[in-house]
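Below: one structure, written as structure tokens.
Numbers for residues simply follow the sequence, beginning at 1. Small disclaimer: the values here were computed from a predicted structure and weren't measured.
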Amino acid sequence: MKIDRLIGILSVLLQKDKVTAPELAERFEVSRRTINRDIEDLCKAGIPICTTQGAGGGISIIDDYKIDRTLLTSKDMQMILAGLRSLDSVSGNNYYSQLMEKLKLGSSDFISGSDYILIDLSSWYKTALAPKIEIIQMAITDKKMLSFSYYAPKGESTRVVEPYYLVFRWSSWYVWSWCCEKKDFRLFKLNRMDNVKELSDNFQGREVPFPDLSNEKIFPGGIKVTALFESDMKWRLVEEFGPKSFVERPDGKLLFRADYTNKENVISWLLTFGNKVIVLEPEDIRNELIEIAASVIKTYKSN
């Protein structure tokens, strides 16, 4: 992306007294003509760049120009590097690692101490996610339409969308897009997407509302669940819902209450606890769990 290349060129110029256009072209894998246009853009942005011709000539920044480092503290730089490192954990290439090296180069006296924040945004699905993220990033940058197969509880469908934002929320990746089928903005989960392709069609863009990522908006509730968990399941409730999601009774059992949106999801979740939970309400979910348990027993007995 051009803005990333401009930042990279500026970083090189701040670290070296002089550099030639062919050297920059080779380093950033673009043509010399592209580098010349980039230098013009940096000059228009107010960076005092000068060029000299002939032997020993090249591109440089005037001697008394420098970035005011008081704008960024050492702690600020550590936060920036931690963020870049986290993006590299889901990247299909080493771009963010290269950018980190550019930031670190010439700043060793500015970045004090060792790394103390490590963020890994990858998952079991990293090999499948990285290519999707890269395709979506390029489509957003180039304003290209995306097509993909989508697998939802209501069935499979093929979607064509205008992609606007990549979102990491609730331990998963999503793309915030205008869906051509629904004629509205939708949040699509990357793990449910397949055959992701950037189309040749461009989109003009539209006024895009920032996605409302609050739990109340995405998971509006509607199914009020009350359940009684065994005491040795406390760690899971704390991990998934927090220590205030239940009340510990005198006998040690945990009285849990929560609102759910999707009946199938809550039943699937409850089944992962086996005999460590008893559903008190609602009655229909309690009865469905009894039917599932009976069906499982029947299946095993018949085999």
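Cation-pi geometry between Arg159 and Phe188 is not met at under 6.0 angstrom from the ring centre and within 45 degrees of the axis.
Minimum heavy-atom separation, Pro163 to Val175: CB-CG2, 4.1 Å. When all heavy atoms of Ser147 and Val160 are compared, the closest pair comes out as CB-CG2, 4.2 Å. Scanning both residues, Cys180 and Met145, for their nearest heavy atoms gives SG-CE, 3.4 Å. A pairwise comparison of heavy atoms in Ala21 and Asn36 identifies CB-OD1, 4.1 Å as the closest pair. What you find for Val277 and Ala227 is that their closest heavy atoms are CG2-CB, 3.8 Å. Closest approach of Cys43 to Ile49, counting heavy atoms only: SG-CB, 3.9 Å.
Using a cutoff of 4.0 Å between basic side-chain nitrogens and carboxylate oxygens, Glu281 and Lys224 are not scored as salt-bridged. With salt bridges taken as basic N to acidic carboxylate O contacts below 4.0 Å, none links Lys234 and Asp232.
The hydrophobic cluster containing Tyr151 does not contain Val161, counting ILVMFWY residues as joined when their side-chain heavy atoms lie under 4.5 angstrom apart, directly or transitively. Phe273 and Leu228 end up in different hydrophobic clusters when Ile, Leu, Val, Met, Phe, Trp and Tyr side chains are linked at under 4.5 Å. Note on Ile290: it does not cluster hydrophobically with Val296, by side-chain heavy-atom contacts below 4.5 Å among ILVMFWY residues. Hydrophobic clustering (side-chain heavy atoms under 4.5 Å, transitive across Ile, Leu, Val, Met, Phe, Trp, Tyr) groups Phe148 together with Leu166. When the side chains of ILVMFWY residues are joined at heavy-atom separations under 4.5 Å, either directly or via intervening members, Ile297 and Leu289 end up in two distinct hydrophobic clusters.
Between Ile136 and Leu190 the shortest side-chain heavy-atom distance falls below 4.5 Å. Side-chain atoms of Leu255 and Glu248, non-hydrogen and from C-beta on, never get closer than 4.5 Å to each other. A heavy-atom distance below 4.5 Å is not found between the side chains of Phe210 and Trp176. A 4.5 Å side-chain heavy-atom check between Val19 and Ile9 finds every atom pair outside the cut-off. Val225 has its side chain out of reach of Asp259: every pair of non-hydrogen atoms, C-beta onward, lies at least 4.5 Å apart. The side-chain heavy atoms of Leu24 and Asp38, taken from C-beta on, include no pair separated by under 4.5 Å. For the pair Asp41/Ile39, no side-chain contact is recorded, criterion being any heavy-atom separation below 4.5 Å from C-beta on. Counting heavy atoms from C-beta outward, Thr158 and Tyr150 have side chains that stay 4.5 Å or more apart.
Between Lys276 atom NZ and Leu254 atom CG the span is 11.5 Å, to the nearest 0.5 Å. In this structure, Lys253 NZ and Met233 CE are separated by 13.0 Å, a value rounded to the nearest 0.5 Å. A distance of 11.5 Å separates OH in Tyr260 from CD1 in Ile267, rounded to the nearest 0.5 Å. With rounding to the nearest 0.5 angstrom, the OG atom of Ser200 is 12.0 Å from the CG atom of Asp142. With values rounded to the nearest 0.5 angstrom, Phe203 atom CZ is found 8.5 Å from Ser177 atom OG. Considering OG1 of Thr226 and CZ of Arg286, their distance stands at 11.5 Å, rounded to 0.5 Å.
By the salt bridge (charged side-chain N to carboxylate O under 4.0 Å, His left out) test, Lys144 pairs with no residue at all, sequence neighbours left out. Every residue was checked against the side chain to side chain donor-acceptor pair (under 3.5 Å) condition with Ser302, not counting sequence neighbours, and none meets it. Taking the salt bridge (charged side-chain N to carboxylate O under 4.0 Å, His left out) definition, one finds that Glu288 meets it with Lys263, sequence neighbours left out. Residues satisfying the salt bridge (charged side-chain N to carboxylate O under 4.0 Å, His left out) test with Arg206, not counting sequence neighbours, are Glu162. Every residue meeting the ring pair (Phe, Tyr, Trp, His ring centres under 6.0 Å) condition with Phe241, not counting sequence neighbours, appears here in chain and number order: Phe256, Trp269.
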Checklist entry - Taking it one step at a time, do Thr272 and Arg236 satisfy side chain to side chain donor-acceptor pair (under 3.5 Å)? => result CA-CA 11 Å; Thr272 64; Arg236 274 198 61 182; 3.2 Å; yes
Next on the checklist: Could you walk me through whether Ile133 and Trp173 satisfy the side-chain contact (heavy atoms from CB on, under 4.5 Å) test, starting with their C-alpha distance in whole Å, then the side-chain angles of each, then the deciding distance to 0.1 Å, before giving a yes or no?
Outcome noted: CA-CA 9 Å; Ile133 289 174; Trp173 284 93; 4.1 Å; yes
Next on the checklist: Run Asn287 and Ile285 through side-chain contact (heavy atoms from CB on, under 4.5 Å) and show every step you take.
Outcome noted: CA-CA 5 Å; Asn287 291 336; Ile285 288 182; over 6 Å; no
Next on the checklist: Applying ring-ring contact (aromatic ring centres under 6.0 Å, His included) to Phe229 and Phe246, what does each step give before you reach the verdict?
Outcome noted: CA-CA 9 Å; Phe229 287 84; Phe246 58 87; 8.7 Å; no
Checklist entry - Passes side-chain contact (heavy atoms from CB on, under 4.5 Å), Glu23 versus Thr20? Steps please. => result CA-CA 5 Å; Glu23 289 173 342; Thr20 66; 3.0 Å; yes
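If you look at Phe185 and Trp178, their ring centroids are closer than 6.0 Å.
In terms of modelled atom types and a separation under 3.5 Å, the side chain of Ser268 and the main chain of Glu264 share a donor-acceptor contact. In this structure a side-chain-to-backbone donor-acceptor pair under 3.5 Å is present from Thr52 to Gly58. Side-chain N or O atoms of Thr34 include none that pairs as donor or acceptor with a backbone N or O of Val30 at under 3.5 Å.
Arg37 CZ: more than 12 foreign heavy atoms inside a 6.0 Å radius. Counting non-hydrogen atoms of other residues, nucleotides and ligands closer than 6.0 Å to CD of Glu240 gives a total above 12. Heavy-atom neighbours of Glu26 CD from other residues, nucleotides or ligands within 6.0 Å: at or below the threshold of 12.
The stretch residues 187-197 participates, sequence neighbours left out, in no salt bridge (charged side-chain N to carboxylate O under 4.0 Å, His left out) pair at all.
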